[in-house]
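Working notes, beginning with the structure itself.
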Amino acid sequence: MSSFARPLRLLLLGAPGSGKGTQTSKLLKKYSDVLAISSGDLLRQEIARKSTLGQLSSKYIAEGKLIPDEHITKLISNYLAAELTPTSSYLLDGFPRTINQGRTLHESLKQGPNLNLVVELDVDQNVILDRIEKRWVHTGSGRVYNLDYNPPKVPFTDDVTGEPLSKRVDDTREVFSKRLESYNAELGPLKDFYNDLGILETISGDSSDIIFPKLAKFIEDNYVS
Ligand SMILES: Nc1nc2c(ncn2[C@@H]2O[C@H](COP(=O)(O)OP(=O)(O)O)[C@@H](O)[C@H]2O)c(=O)[nH]1
Ligand SMILES: Nc1ncnc2c1ncn2[C@@H]1O[C@H](COP(=O)(O)OP(=O)(O)O)[C@@H](O)[C@H]1O
């Protein structure tokens, strides 16, 4: 039995550290039948298994550069083709993040379960560097922690597996500034594209605990009831 009256096909747009992964995990706790796809997590898994794409990507990621559109689009399109059904509800985190990726995805899903909601997480960019510097991750699962906001039960240890947490190579002050610059450069055309499709919403808040209730209510009002 689906949680939804109509399928939720959501893209979360947001600067690095704005809380896309955090909102995703909160939504998955509320709606278990949503397929969550995080481009960053998929890339980090490729890097961990030392695939060709992983070896290529690790250089770009370490320098805060975007992976070339054709490579990331192939990875995500193959994943979607394998996992999506015509009635799927899904959540995209981190892809698309350029207008070319957005247009390509829109064309490839034209006959199928295309995006029906794009939410921009509008967070004061002065607060996100501190978040990034305190972010620790469990690479295997993509679980995200923060020394201030959501620390693990046991220091530097994943709550579920007990495995050690790690810092992302791109979560440094200097690399972060490059990622933020690239996000800000790509955001305008993407927002215009989805605004023209009539599916863009912007939710503001300087804490994920302010944003999530607004996001959950929007979904409840428009996709559940
Ligand atoms: N202080 C604080 N940290 C947060 C908040 N929301 C998320 N974080 C943490 O900030 C970091 C970035 O969040 P994440 O969800 O990974 O952002 P993403 O890069 O957009 O996916 C992580 O360490 C989160 O645990 C918040 O409202 N306040
Ligand atoms: N859609 C994408 N296009 C190009 N590169 C991507 C994409 N998604 C992720 N990446 C690469 O992976 C890195 C980490 O992505 P992600 O985990 O989404 O980080 P963030 O915390 O910035 O949201 C990005 O800085 C970029 O190098």
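We count ligands from 1, going down the list as the structure has it; atoms in each ligand are counted the same way.
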Between K217 and E220, does at least one N-O distance fall below 4.0 Å, as a salt bridge requires?
no
Do any heavy atoms of G17 fall under 4.0 Å from ligand 1?
yes
State, without any angle test, whether S51 and E46 hold a side-chain donor-acceptor pair at a distance under 3.5 Å.
yes
Close-contact set for ligand 1 against K20 heavy atoms, below 4.0 Å:
15 (O), 17 (O), 18 (P), 19 (O), 20 (O), 21 (O)
Test item: Y183 and S18 side chains (from C-beta on) under 4.5 Å apart, heavy atoms:
no
With atoms numbered from 1 as shown, which atoms in ligand 1 lie under 4.0 angstrom from a non-hydrogen atom of S207?
27 (O)
Test of understanding: given a 4.0 Å heavy-atom threshold, classify the contact between D148 and ligand 1 as side chain, backbone, both, or neither.
neither
So the atoms of ligand 1 within less than 4.0 Å of a heavy atom of A15 turn out to be 20 (O)
Only counting residues at least two apart or in another chain, list the ones meeting side-chain hydrogen bond (donor to acceptor under 3.5 Å, both in side chains) with D196.
none
Which pairs, with at least one residue in residues 137-152 and sequence neighbours excluded, count as a salt bridge (charged side-chain N to carboxylate O under 4.0 Å, His left out)?
K134-D148, R143-D158
Using a threshold of 4.0 angstrom between heavy atoms of the protein and any atom of ligand 2, which residues qualify?
P16, K20, S39, G40, L43, R44, I61, K65, L66, I67, I72, G94, F95, R97, Q101, R135, R168, D170, R179
Closest protein heavy atom to atom 9 (C) of ligand 1, given as residue, atom name and distance to 0.1 Å
N146 ND2, 3.6 Å
Residue, atom and distance of the protein heavy atom nearest atom 10 (O) of ligand 1 read R131 CB, 3.3 Å
How far is atom 13 (O) of ligand 1 from its nearest protein heavy atom, and which residue and atom is that?
T22 OG1, 3.7 Å
May I ask you to check whether T202 and D122 show a side-chain donor-acceptor distance below 3.5 Å?
no
Please enumerate all residues that pass ring-ring contact (aromatic ring centres under 6.0 Å, His included) together with Y194, with sequence neighbours excluded.
none
Considering non-hydrogen atoms of the protein only, which is the closest contact for atom 23 (O) of ligand 1, and what is the distance?
Y145 O, 2.8 Å
Any salt bridge linking R135 with D170? Criterion: basic side-chain nitrogen under 4.0 Å from a carboxylate oxygen.
no
